[in-house]
Amino acid sequence: MSAKPFDIPLIAPRLLAWYDAHARALPWRAPPGANRTDPYRVWLSEVMLQQTTVATVRPRFEAWVARWDSVAALAAADEAEVMAAWAGLGYYARARNLHACARAIIAEHDGRFPEEEAALRRLPGLGDYTAAAIAAIAFGKRAVVIDSNIKRVAARLAARPTGEVRDVVDAITPDARAGDFAQALMDLANALCTVRAPKCLACPLRENCAGFATGDPAAFPARKPKKERPVRHGTLFWLRRGDDVLLVRRPTKGLLGGMRALPTGPWSEAPPDLSDAPAVADWRMLDEGVSHGFTHFQLDLSLACATYRGQEAPDGEWWPVADLARAGLPTVFAKAAAVFGRVECA
DNA sequence: GAATCGTGGAT
DNA sequence: TATCCAAGATT
């Protein structure tokens with residue numbers, strides 16, 4: 001008897017067999033033969049991987065676990081150190097929630113991760129996906145794990161035009177090896193069931209795939225309409241005092257919340273000016289600016305520089321320019337600092 | 001439900 | 001070069 005499209009009982013065994021032969025070797029995965037994964041490493045990797053590529057996360061994960069090797073160590077760290085260590089990874093609320101979650105596990109869960117999906121779901125920074133992923137991968141629970149990769153694979157398997165596929169994923173998820181199954185779906189999505197030009201001829205689920213049967217699997221799920229991305233302007237202020245430059249900390253909420261930063265005025269549609277400078281000084285505008293793309297707008301920053309000669313200390317902290325790499329600046333500010341490393345401000 | 005919230009790589 | 005988008009969560 002041959003397989004028919006979306007033949008549910010066949011999917012898990014076929015996919016797991018494929019995974020046993022083709023699983024990516026990743027530093028947060030248990031080595032072959034280990035039957036239990038450190039939940040700290042699973043949790044950390046899952047949070048880092050939210051909207052972030054494996055290639056970006058891999059070295060950052062290695063550096064992180066070398067510095068904080070357990071949830072207890074992370075909970076004991078200063079929040080400012082944790083935020084700085086996240087610099088460059090983006091979506092900085094993740095770092096704040098990561099730290100809050102570590103402290104919640106120490107204070108409210110006796111220092112151990114809860115194993116049930118529902119309890120995990122209540123922890124800071126853990127949504128439906130991450131709670132299910134940790135329950136399945138770290139604790140072997142059967143959980144319906146759905147991320148954008150799995151959503152795409154499921155939509156194609158069932159030939160669903162929308163991403164409403166929870167029933168599909170629930171139907172194909174096995175009772176045993178649910179964590180491997182979820183990771184197998186994600187590896188399959190990454191290697192074969194890609195957004196564009198899926199490699200169906202190499203796919204172990206081709207015969208089970210209703211999307212493949214239609215002849216145009218890439219049509220599932222339908223693409224979302226694109227959104228506008230307006231341009232905002234602002235002025236960034238590079239204020240030197242001796243070997244130091246003035247840094248500020250951004251408000252906890254909002255864009256780049258809680259991160260160290262170079263001072264700027266507001267970001268708006270208005271043309272840039274010097275009216276929001278952090279101190280009275282002989283400001284000079286540079287010819288060169290910095291442009292940076294955020295998710296929902298593009299920022300064009302004008303650059304102003306000056307030497308501080310005042311008496312009163314402006315708000316912020318003086319930071320050695322030679323040590324800026326340790327300040328934990330988000331990328332847009334690191335870009336600006338790089339410009340001032342090249343351009344004289346005389 | 002829609003907006004908000006970063007970044008770097010692929011195409 | 002412009003666009004898409006990746007192991008989403010929160011409000």
Side-chain angles (χ1 to χ4, degrees), chain A residues 23-24 26-29 37 41-61 83 86-98 100-101 120-138 143-154 162-164 169 179-191 193-198 218 221-232 250-259 261 267 291-299 328-335:
Chain A
R24 286 177 286 182
L26 299 171
W28 46 87
R29 285 184 176 169
T37 312
R41 295 168 69 90
V42 174
W43 164 64
L44 176 63
S45 67
E46 290 301 341
V47 173
M48 281 190 170
L49 286 162
Q50 289 166 5
Q51 299 291 285
T52 308
T53 59
V54 166
T56 297
V57 168
R58 188 193 295 261
R60 302 298 300 262
F61 175 87
M83 299 302 291
W86 200 269
L89 272 174
Y91 288 150
Y92 296 99
R94 292 185 294 173
R96 180 177 315 285
N97 286 331
L98 195 77
C101 183
L120 289 162
R121 179 66 180 81
R122 294 184 211 108
L123 291 168
L126 303 198
D128 290 341
Y129 163 75
T130 307
I134 295 173
I137 296 169
V144 180
V145 181
I146 301 176
D147 78 321
S148 64
N149 286 303
I150 294 174
K151 196 173 290 189
R152 182 173 65 253
V153 175
T162 71
E164 311 300 315
V169 180
D180 280 351
F181 183 73
Q183 295 180 89
L185 282 170
M186 293 188 277
D187 276 18
L188 184 84
N190 175 268
C193 199
T194 47
V195 175
R196 288 180 288 267
R223 313 280 279 272
K224 298 177 221 172
K226 65 172 181 183
K227 281 177 279 190
E228 297 273 325
R229 213 175 65 135
V231 178
R232 296 183 193 170
R250 294 179 59 81
T252 302
K253 287 183 169 290
L255 195 66
L256 312 177
M259 300 298 288
W267 303 346
S291 186
H292 187 76
F294 291 104
T295 304
H296 53 293
F297 68 94
Q298 175 184 313
L299 179 64
L329 294 179
T331 299
V332 62
F333 302 115
K335 279 187 190 177

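Only a predicted model underlies this, so the values are computations on that prediction, with no experimental measurement involved. Below, read A as the first sequence line, B as the second, and so on, with proteins coming before strands; counting in each chain starts at 1.
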Undergrad: To the nearest Å, how far apart are A:R122 CZ and C:dA9 P?
TA: 16 Å
Undergrad: Whole-Å distance between C:dA6 C1' and A:D187 CG?
TA: 14 Å
Undergrad: Sequence neighbours excluded, which residues qualify as side-chain hydrogen bond (donor to acceptor under 3.5 Å, both in side chains) partners of A:Q51?
TA: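 Scan of A:Q51 (side-chain hydrogen bond (donor to acceptor under 3.5 Å, both in side chains), adjacent residues dropped) gives none.
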Undergrad: C:dG8 P sits how many Å from A:R121 CZ, rounded?
TA: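 Whole-Å distance recorded here is 14 Å.
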Undergrad: Sequence neighbours excluded, which residues qualify as side chain to side chain contact (heavy atoms under 4.5 Å, CB included) partners of A:S148?
TA: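 For A:S148, no residue satisfies side chain to side chain contact (heavy atoms under 4.5 Å, CB included) once neighbours in sequence are set aside.
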Undergrad: Got a sec, which residues hit side chain to side chain contact (heavy atoms under 4.5 Å, CB included) with A:S291, two or more places apart in sequence or on another chain?
TA: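 Scan of A:S291 (side chain to side chain contact (heavy atoms under 4.5 Å, CB included), adjacent residues dropped) gives A:Q298, A:D300.
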Undergrad: Considering residues at least two apart in sequence or located in another chain, which fulfil the salt bridge (charged side-chain N to carboxylate O under 4.0 Å, His left out) criterion with A:R24?
TA: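 Checked A:R24 against salt bridge (charged side-chain N to carboxylate O under 4.0 Å, His left out); matches are A:D187.
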Undergrad: Between A:K253 and A:L49, which has a closest nucleotide on DNA chain C that is more 5'?
TA: A:L49
Undergrad: If the sugar-phosphate is the primed atoms plus P, OP1 and OP2 and the base is the rest, what is the B/S/- string for nucleotides 4-11 of chain B, using protein heavy atoms under 4.0 Å?
TA: BBBBS---
Undergrad: Using the test salt bridge (charged side-chain N to carboxylate O under 4.0 Å, His left out), find all partners of A:R250 that sit at least two apart in sequence or belong to another chain.
TA: none
Undergrad: Once you measure the plane-to-plane angle for A:F297 and A:F294, does it fall in the parallel (<30°), tilted (30-60°) or perpendicular (>60°) bin?
TA: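 Aromatic pair A:F297/A:F294 classed tilted.
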Undergrad: Would you kindly compare A:N97 and A:V54 by the position of their nearest DNA chain C nucleotide and give the one closer to the 5′ end?
TA: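 This one resolves to A:V54.
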Undergrad: Whole angstroms only, please: what is the CZ-P distance between A:R96 and C:dT10?
TA: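 These atoms are roughly 13 Å apart.
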Undergrad: If I take atom CG in residue A:D147 and atom P in nucleotide C:dA9, what distance separates them, rounded to the nearest angstrom?
TA: 10 Å
